[in-house]
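Some notes on the structure that comes next.
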Amino acid sequence: MRVLIYGFSGKILGGIETFILNMNEHMSKETIFDYIIDGDKCVYQDRIKSNGGNVFFVPGVRKSPISYISKLWETLTERKKYGTNVLYMQMFSMANIIPAIFGRMLGYQVILHAHNNGLQSNSKLYTLIHLIGRGITKHMNIIRFANSKLSSDFMFGKNVKTELIYNAIDTNTFSFNTESRKSIREELFSCNNTVIGFVGRLSRQKNPVFMLQVYAEYNKLNPLSELWIVGEGELKEHMNQEINKLGILDSVKWLGRRSDVEKLMCGMDLLLQPSLFEGLGIVLIEAQACGLPCVSSKDVIPDDAVATNLITLIGLNKPLGIWARTIYNLVDHNNKTRLRMKKVIISNRYCINKEAIRLEKIIGNI
C-alpha cells in the first residue's frame, strides 16, 4: 500500500514531519509513504528514501501559482496511474485545499488530518481563505483525522465526524535516563545550573519571544539557571535582539536543530512552552514520557495533551512574574519520579508501537 502525503515543509524537520515519519517507520514494510513537497528541497529526503518512499517536488503555490497547479495535477495524475489511491494531507489551515479538490477529481480517497487549532497569520484575508476552505471541504466526500478535539473543531467545524489520531511517540526513546542526563549536562557545561528548556519551531505559534521574557524574570529569581533553545525558525534574529535587550545573553544556549531531543530533555529541569495555539503539542507528550515538568498556556493546550500531572497551565494574560514564580516552585532536582512516567504515557494511548498499527489499519480499510 502506497500513500501520498501532502502538507510538509521541506525546509525544516518539524514536529508533524517527525511524527508522520516516525509513524510510518513503525508500520509494516508493506505500507510506504510517498511525499509531495512544495519547493525544490527536502532536508529529510534521505530518511524518506530509507523507508522506501519517493519525494515529488512542486513549485510553491504563492511563488508560482500557475506552475504549482500544473505540476500538482501532473504529479497526482501520474501517481494514480501507478496505483496510489490515498492522498493523506497534513493540515495546518484550510488555506490551500487545491490538492484535496484535485485528489477527489482524480478518484483518490482523500484524508485531511488537522494538526492546529489556530492560524500562523493574523491576516484577515488569510483567515477568510481558511474559512472558505473549511466551508468547501464540509461538502466533500473525504475522511477527517485530528490530533485533538480542539483541532477538529477549528479545522472542520463543530459536530463534524472526525477520527482522533494520537500524536504517539517512541516511549522507550523518551524514557528518562540518568546517564543521559549526566552526559548531556557535562557536554554543555551545565552541571551546576538549573536548565529551562524550549523545544520547537521558532515561529509565531510557539510564542518564543514571550518565552524569553518569562525566562528573564525567572533568571532574576534563580541566577544559577540557563535556557536551552532547541529548534530553528524565522524568528531567530528577532529573538537574538530580545535576548540582548533582556540582558540574558550569557544564560542562553542556542542548540539549533537536534537529533537527540530525548537526551536533551533528560538534561532539562523544566520545559517552557507558552504557545499561542497548539493542535496537540507533541513536545509536551515527549516531555511527559521523560518525566519532565512543563509549563504551558492555559485555554490553548488541548485536554488530550495533559496525560500526567506534570503539566501546569497559565493564562497568557498573566504577568510574567506569575509565570516565573510558578517555574521556580516547580523545579525539582530529585529525579526519582521521572523514571515511572513512561507507563503513564503508554496507558494514555501515546505509545507509537500501538498507534502506528492502528493508523495503518484505518488507512488500509479505506
Does [X] come within less than 4.0 Å of [Y], counting only side-chain N to carboxylate O?
X	Y	value
Arg2	Asp34	yes
Arg47	Glu25	yes
Asp269	Arg185	yes
Lys71	Glu74	yes
Glu217	Lys220	yes

When the aromatic ring centroids of [X] and [Y] are compared, is their separation below 6.0 Å?
X	Y	answer
His130	Phe154	yes
Phe210	Trp323	yes
Phe8	Tyr35	yes

Exercise for the section: With salt bridge (Lys or Arg N to Asp or Glu O under 4.0 Å) as the test, would you mind laying out the steps for Lys206 and Glu278 before giving the verdict? Expected result: CA-CA 8 Å; Lys206 304 300 181 182; Glu278 283 288 355; 2.6 Å; yes
Are a donor atom and an acceptor atom from the side chains of [X] and [Y] found within less than 3.5 Å of each other?
X	Y	result
Asp304	Tyr166	no
Lys29	Asn51	no
Lys253	Ser190	yes
Asn22	Thr18	no
Thr308	Gln288	yes

Problem - Pairwise side-chain contact, Asn24 with Ile48, heavy-atom cut-off 4.5 Å (strictly under) - result: no
Problem - Test log, rule salt bridge (Lys or Arg N to Asp or Glu O under 4.0 Å), inputs Glu355 and Arg358 - result: CA-CA 5 Å; Glu355 193 64 4; Arg358 186 173 81 91; 2.6 Å; yes
Give a yes or no answer on whether the side chain of [X] reaches the backbone of [Y] with a donor-acceptor pair at less than 3.5 Å.
X	Y	value
Ser123	Tyr126	yes
Ser297	Ser275	yes
Tyr215	Ile196	no

Exercise for the section: From the options Val331, Leu272, Leu227, select the one residue that forms a side chain to side chain contact (heavy atoms under 4.5 Å, CB included) with Tyr218. Expected result: Val331
Exercise for the section: Take the angle between the ring planes of His113 and Tyr88 and call it parallel below 30°, perpendicular above 60°, tilted in between. Expected result: parallel
Problem - ring pair (Phe, Tyr, Trp, His ring centres under 6.0 Å) contacts touching residues 238-289 (sequence neighbours left out) - result: none
Handout entry: Candidate list Arg257, Arg258, Lys263, test salt bridge (charged side-chain N to carboxylate O under 4.0 Å, His left out), partner Asp260, passing option
Key = Arg258
Problem - Partner residues of Ile66 under the side-chain contact (heavy atoms from CB on, under 4.5 Å) criterion, sequence neighbours left out - result: none
